[in-house]
Amino acid sequence: MPILLSSETVPLPDAVTADQDGLVAVGGNLTCRRLQEAYSKGIFPWTEDPVTWWSPPERAVIPVGELHISNSLRKRIRSGIYQTSIDTDFEQVIHHCAHPHHDDGTWIGETFIQAYTELHRQGIAHSVECREKGKLVGGLYGLAIGGMFAGESMFYHRPDASKVALVTLDAHLQQQGFNFIDSQVPNDFTTQMGARTVPRQNYLQQLEMALRRNTVFS
């Protein structure tokens with residue numbers, strides 16, 4: 001049964017204590033310390049009122065360097081229509097990621113934005129930007145901890161813009177010696193891009209190895 005986090009001094013339980021849906025705990029605040037603790041344990045927040053902490057029974061993982069790039073996407077990249085950058089506009093990226101979710105009440109609210117923006121200031125959260133003629137048209141953000149990059153969300157306003165951002169991220173992570181991208185819950189997009197669905201225990205083993213790496217994002 002998920003525990004109730006009554007204060008910041010109460011540690012998150014281990015991910016293996018999650019219920020059948022993957023819920024580990026309820027409550028607490030989205031502090032930088034709590035978020036780092038969560039991701040290091042294979043747990044992530046999904047709602048903010050109340051905060052809920054999850055470790056799903058199956059996890060989507062993209063091994064770094066094994067991203068699937070279709071021929072049409074390669075052609076799009078070679079065309080030079082998009083220009084990519086890293087950590088040049090984190091706040092705009094997270095706001096763009098949040099915008100589509102406001103109507104359906106999902107998880108990127110103002111509390112999330114503030115928490116992850118502070119993690120960015122601390123050098124833990126990062127963004128990839130995709131621009132067309134100087135205008136931001138796609139991007140993604142997530143956290144780098146050890147040799148793991150926890151992908152949080154992405155957006156696009158032009159065809160393939162988020163995919164181009166993901167290709168840029170993967171290339172950067174290869175250069176820096178990262179192990180994998182955690183894309184959390186399997187979906188059609190991540191599967192198309194090469195994500196593997198692994199059981200929680202397998203994911204936690206991969207995470208343990210990744211956390212031993214002394215990698216630097218940038």
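Everything numeric here is computed off the predicted structure, so don't read it as measured data. These values consider heavy atoms only, across backbone and side chains, with no hydrogens, waters or symmetry-generated copies.
- Between T191 and R196, the closest side-chain pair of non-hydrogen atoms is not below 4.5 Å.
- When every heavy atom of L35 is checked against every heavy atom of P45, the shortest pair comes out as CD2-CG, 3.7 Å.
- A donor-acceptor pair under 3.5 Å is absent between the side-chain atoms of T117 and the main chain of Q114, judged by distance alone.
- Scanning both residues, P13 and A25, for their nearest heavy atoms gives CD-CB, 4.3 Å.
- No donor-acceptor distance shorter than 3.5 angstrom exists from the side chain of E58 to the backbone of V198, with no hydrogens or angles considered.
- A donor atom on one side chain and an acceptor atom on the other are not found under 3.5 Å apart for D160 and Y82.
- Inter-residue side-chain proximity for L169 and F149 is flagged as met; some heavy-atom pair is nearer than 4.5 Å.
- Here the closest non-hydrogen pair linking S55 and A18 is O-CB, 3.9 Å.
- T111 is linked by a side-chain contact (heavy atoms from CB on, under 4.5 Å) to L30, E48, counting only residues two or more places apart in sequence or in another chain.
- By the side-chain hydrogen bond (donor to acceptor under 3.5 Å, both in side chains) test, D14 is found to be paired with no residue, residues two or more places apart in sequence or in another chain being considered.
- Under the side-chain contact (heavy atoms from CB on, under 4.5 Å) criterion, S162 pairs with M154, Y156, F189, sequence neighbours left out.
- Taking L136 as the reference, Q92, V93, H96, E129, R131, F155 meet the side-chain contact (heavy atoms from CB on, under 4.5 Å) condition, with sequence neighbours excluded.
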Show your working on side-chain contact (heavy atoms from CB on, under 4.5 Å) between D182 and Y203 and close with a plain yes or no. CA-CA 9 Å; D182 170 18; Y203 170 80; 3.0 Å; yes
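- In this structure, I113 CD1 and H95 NE2 are separated by 4.0 Å, a value rounded to the nearest 0.5 Å.
- Note: I145 CD1 to L207 CG = 8.5 Å, rounded to the nearest 0.5 Å.
- Below 30°, between 30° and 60°, or above 60°: for F217 and F178 the angle between ring planes is above 60°, a perpendicular geometry.
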side-chain contact (heavy atoms from CB on, under 4.5 Å) between R59 and R200, intermediate numbers included: CA-CA 6 Å; R59 201 71 164 241; R200 181 191 295 118; 5.9 Å; no
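- Distance check, rounded to the nearest 0.5 Å: SG of C97 to CD1 of I108 gives 5.5 Å.
- Using a 4.5 Å cut-off on side-chain heavy atoms (C-beta onward), N179 and M148 make no contact.
- Scanning for side-chain contact (heavy atoms from CB on, under 4.5 Å) contacts around T190 gives A60, S183, N187, A195, with sequence neighbours left out.
- Both V26 and I43 are members of a single hydrophobic cluster when ILVMFWY side chains are connected at heavy-atom separations under 4.5 Å.
- In this structure, F44 and W54 have side chains that are in contact, with non-hydrogen atoms separated by less than 4.5 Å.
- The minimum heavy-atom distance between G80 and Q83, with the atom names listed, is O-NE2, 3.3 Å.
- Atom CG of D21 has more than 12 heavy atoms from other residues, nucleotides or ligands within 6.0 Å.
- The hydrophobic clustering, which links ILVMFWY residues whose side-chain heavy atoms are closer than 4.5 Å, places Y39 and V10 together.
- Looking at K135 and E132, no side-chain N of the basic residue comes within less than 4.0 Å of a carboxylate O on the acidic one, giving no salt bridge.
- The two residues G177 and T215 have their closest heavy-atom pair at O-CG2, 3.4 Å.
- Expressed to the nearest 0.5 Å, how far NE2 of H172 lies from CG of D87 amounts to 7.5 Å.
- Atoms CD and CG, on Q206 and L211 in that order, are 11.5 Å from each other to the nearest 0.5 Å.
- For the pair E152 (side chain) and A150 (backbone), a donor-acceptor distance under 3.5 Å is absent.
- Hydrophobic clustering (side-chain heavy atoms under 4.5 Å, transitive across Ile, Leu, Val, Met, Phe, Trp, Tyr) groups V16 together with L12.
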Could you go through the side-chain contact (heavy atoms from CB on, under 4.5 Å) check for I86 and S218 one step at a time? CA-CA 9 Å; I86 294 175; S218 59; 5.6 Å; no
Let me see the working for E208 and L204 under side-chain contact (heavy atoms from CB on, under 4.5 Å), right down to the final yes or no. CA-CA 6 Å; E208 183 180 2; L204 293 174; over 6 Å; no
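- Closest heavy-atom contact between P11 and K41: CB-NZ, 4.4 Å.
- Expressed to the nearest 0.5 Å, how far CD1 of I3 lies from CG of L23 amounts to 10.5 Å.
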With side chain to side chain donor-acceptor pair (under 3.5 Å) as the criterion, how do D188 and Q192 come out once you've worked through the C-alpha distance, each side chain's angles and the decisive distance to 0.1 Å? CA-CA 6 Å; D188 291 343; Q192 179 187 18; over 6 Å; no
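- Listed by chain and number, the residues in a ring-ring contact (aromatic ring centres under 6.0 Å, His included) with Y116 are F112, Y141 (sequence neighbours excluded).
- No donor-acceptor pair under 3.5 Å is formed between the side chain of N29 and the backbone N or O of T31.
- At least one donor-acceptor pair closer than 3.5 Å links the side chain of D170 to the backbone N or O of G65.
- Looking at R34, its side chain never comes within 3.5 Å of a backbone N or O of G28 through a donor-acceptor pair.
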